[in-house]
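As a basis for the values below, the full set of heavy atoms in this structure was taken, side chains included, without hydrogen atoms, waters or symmetry mates. Please read all numbers here as calculations on a predicted model, not as lab measurements.
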Amino acid sequence: MLRQAKEKFKFMLLLLCLVVGGATGVEASLSGDVKAQWVRYAVDVGEGDGLVAETLSQQYQLKYGIERRIGDGRAGSYSLGLGYEYNVLNVDIGEEERSINTGKYLFRGKLSMAPGGLPFRLKVFSQDNFTTQFGESRSFLDRETILESGLPSDLRNGQYVVSGLTLLVGIRNGSYLGSYRDILSRYPRLLIDFKQVNRRDLKGATPTNSRLRDLAFVSLNKKDNWFHYRLRDYRNYLDSSEDYQEYTYTLGTIDPALIRKWVNLTNWIKLSVDGTYNVEIKEKVEALPVQSYHLNMFSVLSRAKTKATFLGYYTRRREGERLEKRVVLPLSVSGVWGADSDWSLRASGEDDKDSGVWGAESREKNIYLFAAANFFKRSAWNFSVQASAEQDKTLTSEGLSGRAVFLVKNKSSKGRDYLEGRYSVARFEGETLERETESLEHEVSGLWRRYSRNLEIGAEVDFLFSSGGADKSISSKISQNALDGLYLTDATIYAREDGVFHSKTNVYADYKIGDSLKTRGKMLYDFLEEGRQRKTQFVVEHALEMAGQGYILKLDQTYAVGDISVSNSVYDNSIASGTSLDKYSDLYQLGTSLAYRHNRSYEAKFSCFYEERTFAGGGKSSLELNQVGSYAHYTRNGVVRRLFDVEEELTYSWAETAHSVSSDVANVKFRGNYYPKQVWRLEARAEMTLTGWSPDIARYGASSTVTFAKLQMAGSYDHGQNFSSGEKRQVEDRWEVTIKKTF
């Protein structure tokens with residue numbers, strides 16, 4: 001096999017030489033590269049139990065390409081490329097030895113024709129530039145490794161041929177100025193786009209052999225009305241159950257780039273309509289094809305004082321015995337009555353039907369209306385009225401909902417005080433399989449703010465009275481505020497049996513001095529009464545941000561007492577998060593971060609997160625610290641460049657549960673780089689993981705890289721070992737050398 005590969009290589013080299021010698025007036029280029037990588041990985045677990053793995057991969061490439069313009073570029077251009085790749089992989093893992101010698105041809109060809117002054121564009125291409133990829137086919141150890149082995153024990157060397165054709169015929173906006181302009185303008189525009197992808201790799205760990213074809217035929221009938229025919233044909237020659245064909249027919253105002261176009265019926269009416277029919281055939285899986293329809297009807301009407309938008313669509317999809325239908329008819333209208341009043345109206349109707357499988361049918365009908373009017377917009381007092389109604393019906397529930405909102409705003413001429421009052425009344429009536437619900441909600445809320453130069457203070461109050469039960473399934477557009485929980489409660493409430501009284505009082509203050517200091521304090525009292533059950537929460541929050549020359553400090557604190565029910569921390573990086581919904585009597589969280597950059601040489605970062613929870617019978621505490629520091633030294637011998645840099649990182653996490661079970665883990669990292677020359681880098685690194693302040697895992701390593709324009713060399717060594725007393729001591733060593741030359 002090696003001799004055959006060598007003969008192929010000689011033949012390719014001779015052919016390329018002949019092509020170079022025979023080309024005249026052509027921009028030609030000859031390139032190639034050679035790459036070799038050696039990796040040795042050794043594992044020792046004591047008592048003669050270990051493994052030594054070693055691989056050597058080589059890759060040789062030679063490519064020749066030409067590019068030429070046709071008619072000095074007035075008619076188009078073409079490019080050709082030809083190459084050959086030869087790969088060698090020697091694998092020695094324990095008692096397993098393998099040697100792979102393989103090669104493949106690389107090629108590319110592209111022809112672009114765009115004659116000046118003619119409504120004609122053609123592009124034809126075909127290429128296979130997929131170079132061999134070395135990778136790790138499997139894990140050769142039945143345990144976790146300390147180091148990443150990174151052994152190239154397998155390769156992907158198959159075909160990846162991409163071919164296609166794009167043809168565009170026709171003119172637009174009279175861009176063609178020739179003598180046949182009037183004749184050509186009568187013919188419709190035409191686009192034909194074809195693409196085929198062939199994948200074939202039978203030697204790799206995951207063999208593939210497939211073909212994918214995409215064909216698009218697009219024609220312009222009249223103005224912006226386009227007809228699309230698209231075909232996708234996929235064949236998997238190793239698993240025919242994945243074969244499928246998909247046909248798509250589209251007619252409407254969608255251009256070849258699948259961008260929606262609008263047609264101006266008049267100077268104030270725009271319309272966009274399109275319909276799509278799609279068929280997907282899987283002969284080996286489904287006896288019947290999957291058929292779907294999609295119809296869009298969009299319209300925009302704009303007058304001097306009125307604007308209306310209609311965005312309706314209809315979809316239908318049949319897959320075997322399952323039938324899905326969806327109709328959405330939304331209408332939005334807005335306008336103005338005068339200089340200080342306006343109005344808006346929204347209406348929508350939805351009908352969803354899903355026959356399901358095995359008789360599991362579902363259906364939902366929803367009708368929603370919303371109207372709003374704003375008055376006295378230029379006065380000190382602004383008044384707004386909102387009204388909404390909804391009817392929602394499914395196979396298991398039915399509901400009728402309505403809400404009215406009255407909003408008054410007051411703003412002084414100086415703009416320093418802001419007052420807002422809101423009253424809302426809502427009624428919900430419905431029926432489910434479990435219960436009949438009927439509720440009436442009254443909600444009163446107020447907001448007061450005072451602004452000064454650096455200070456903003458405010459207060460918010462909200463009172464909710466609800467009578468009767470509530471169920472989330474009887475309405476979807478109008479929310480039932482009676483189902484809201486307390487501030488620190490992330491459990492979803494789906495239904496309530498009795499009426500509730502819910503009050504929230506919030507006081508806050510914001511203080512700011514330029515961009516250097518920003519702080520915010522907030523106190524919240526939340527009270528909820530349902531039947532004879534009462535729940536309260538008192539929450540204090542504080543946020544601080546300080547910024548100066550070279551540093552930014554951020555601090556966030558939360559302290560809460562009362563009935564707290566959370567399944568996780570309000571901070572995403574919480575360590576002591578519960579696995580289920582837990583109830584706590586108090587909660588404290590502290591998150592802080594500091595970033596300092598004195599100049600381009602010194603940089604430091606610090607972050608801390610602490611959390612403490614208390615509940616009946618115990619509590620949970622957790623702490624996580626992270627600190628990063630770096631220093632870089634620059635030399636000024638002629639050219640300013642980096643001479644060396646060092647970086648260290650410390651991470652510490654600690655958690656204690658209710659049963660005094662604690663755990664702490666620390667991780668320390670050091671890294672240093674030295675640059676003797678601008679193209680030469682030396683690196684040393686070390687990492688230690690400690691559990692309970694005892695060494696657990698250690699990693700050490702060093703590497704060197706040399707990077708020239710057409711030559712790259714790299715070498716590295718890594719050592720890892722564990723110190724766990726409950727397991728066998730494991731020691732790992734890894735060496736790697738990589739050389740790549742480009743010409």
Side-chain angles (χ1 to χ4, degrees), residues 31-43 53-61 87-89 131-136 145-153 550 595-606 626-651 667-689 697-721 731-743:
S31 64
D33 57 71
V34 179
K35 181 180 179 181
Q37 183 184 38
W38 172 75
V39 179
R40 187 177 188 273
Y41 189 78
V43 181
E54 188 173 357
T55 63
L56 175 62
S57 61
Q58 304 172 63
Q59 188 174 79
Y60 305 90
Q61 285 186 5
N87 304 279
V88 180
L89 178 61
T131 58
T132 299
Q133 304 293 322
F134 295 92
E136 190 172 3
T145 59
I146 301 173
L147 305 175
E148 293 289 339
S149 60
L151 284 168
S153 54
Y596 176 74
R597 186 180 179 90
H598 179 67
N599 50 39
R600 66 178 180 179
S601 297
Y602 298 93
E603 184 176 1
K605 297 179 181 179
F606 173 79
N626 180 262
Q627 180 267 326
V628 179
S630 62
Y631 170 76
H633 181 74
Y634 294 83
T635 179
R636 298 178 177 274
N637 297 330
V639 178
V640 177
R641 68 176 184 88
R642 182 174 294 194
L643 182 61
F644 69 87
D645 59 64
V646 292
E647 180 181 339
E648 59 83 22
E649 180 179 0
L650 171 64
T651 302
N667 184 268
V668 185
K669 295 181 182 179
F670 293 94
R671 182 190 61 81
N673 292 313
Y674 175 57
Y675 307 88
K677 299 292 183 180
Q678 194 168 3
V679 296
W680 187 14
R681 179 177 68 91
L682 298 172
E683 180 185 3
R685 51 190 175 271
E687 180 181 355
M688 176 74 74
T689 302
I697 296 176
R699 301 179 182 90
Y700 313 96
S703 61
S704 175
T705 58
V706 178
T707 305
F708 293 99
K710 295 187 176 182
L711 175 64
Q712 298 87 38
M713 296 183 294
S716 64
Y717 167 74
D718 289 280
H719 173 81
Q721 60 180 349
V731 180
E732 301 180 12
D733 295 282
R734 185 182 185 276
W735 294 263
E736 179 181 345
V737 177
T738 303
I739 301 176
K740 183 178 181 180
K741 177 67 175 72
T742 304
F743 59 90

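- The backbone N or O of E683 sits nowhere less than 3.5 Å from a side-chain atom of R671 that would complete a donor-acceptor pair.
- Here the OH-OG1 distance, from Y60 to T132, works out to 13.5 Å after rounding to the nearest 0.5 Å.
- Counting all heavy atoms, side chain and backbone alike, L151 lies closest to A53 at CD1-CB, 3.4 Å.
- For L147 against Y41, the heavy-atom pair with the smallest separation is O-OH, 3.3 Å.
- In this structure a side-chain-to-backbone donor-acceptor pair under 3.5 Å is present from Q133 to T131.
- Side-chain atoms of D33 and F743, non-hydrogen and from C-beta on, never get closer than 4.5 Å to each other.
- Interatomic distance, R699 CZ to M688 CE, rounded to the nearest 0.5 Å: 10.5 Å.
- The shortest non-hydrogen separation linking K35 to T738 is CE-CG2, 4.2 Å.
- For the residue pair L89 and P152, the shortest heavy atom distance occurs at CD1-O, 3.1 Å.
- Annotation: cation-pi geometry satisfied between R600 and Y634 (NZ/CZ under 6.0 angstrom from ring centroid, within 45° of ring axis).
- Atoms NE2 and CG, on H633 and D645 in that order, are 11.5 Å from each other to the nearest 0.5 Å.
- Expressed to the nearest 0.5 Å, how far CZ of R681 lies from CZ of F644 amounts to 15.5 Å.
- Partners of E648 according to the salt bridge (Lys or Arg N to Asp or Glu O under 4.0 Å) rule, which considers only residues two or more places apart in sequence or in another chain, do not exist here.
- When every heavy atom of P676 is checked against every heavy atom of L682, the shortest pair comes out as CG-CD1, 4.1 Å.
- Around atom CH2 of W735, more than 12 heavy atoms belonging to other residues, nucleotides or ligands sit under 6.0 Å away.
- Using a 3.5 Å distance cut-off with no hydrogens or angles, the side chains of S57 and Q59 do not pair a donor with an acceptor.
- Between T635 atom OG1 and Y675 atom OH the span is 14.0 Å, to the nearest 0.5 Å.
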Let me check something: any side-chain donor-acceptor pairs from residues 710-718 under 3.5 Å, sequence neighbours excluded? List them with distances.
{"from": "Q712", "atom 1": "NE2", "to": "F708", "atom 2": "O", "distance (Å)": "3.2"}
{"from": "Y717", "atom 1": "OH", "to": "D733", "atom 2": "OD1", "distance (Å)": "2.5"}
{"from": "D718", "atom 1": "OD1", "to": "R685", "atom 2": "NE", "distance (Å)": "3.2"}
{"from": "D718", "atom 1": "OD1", "to": "R685", "atom 2": "NH2", "distance (Å)": "3.1"}
{"from": "D718", "atom 1": "OD2", "to": "R685", "atom 2": "NH2", "distance (Å)": "3.2"}

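- Between W38 and Q58, every side-chain heavy-atom pair lies at or beyond the 4.5 Å cut-off.
- When side chains are defined from C-beta on, E649 counts as touching N626, because their heavy atoms get closer than 4.5 Å.
- Between the CD1 atom of I697 and the CD atom of E732 there is a distance of 9.0 Å, given to the nearest 0.5 Å.
- A search for ring-ring contact (aromatic ring centres under 6.0 Å, His included) contacts involving Y602 returns Y631, not counting sequence neighbours.
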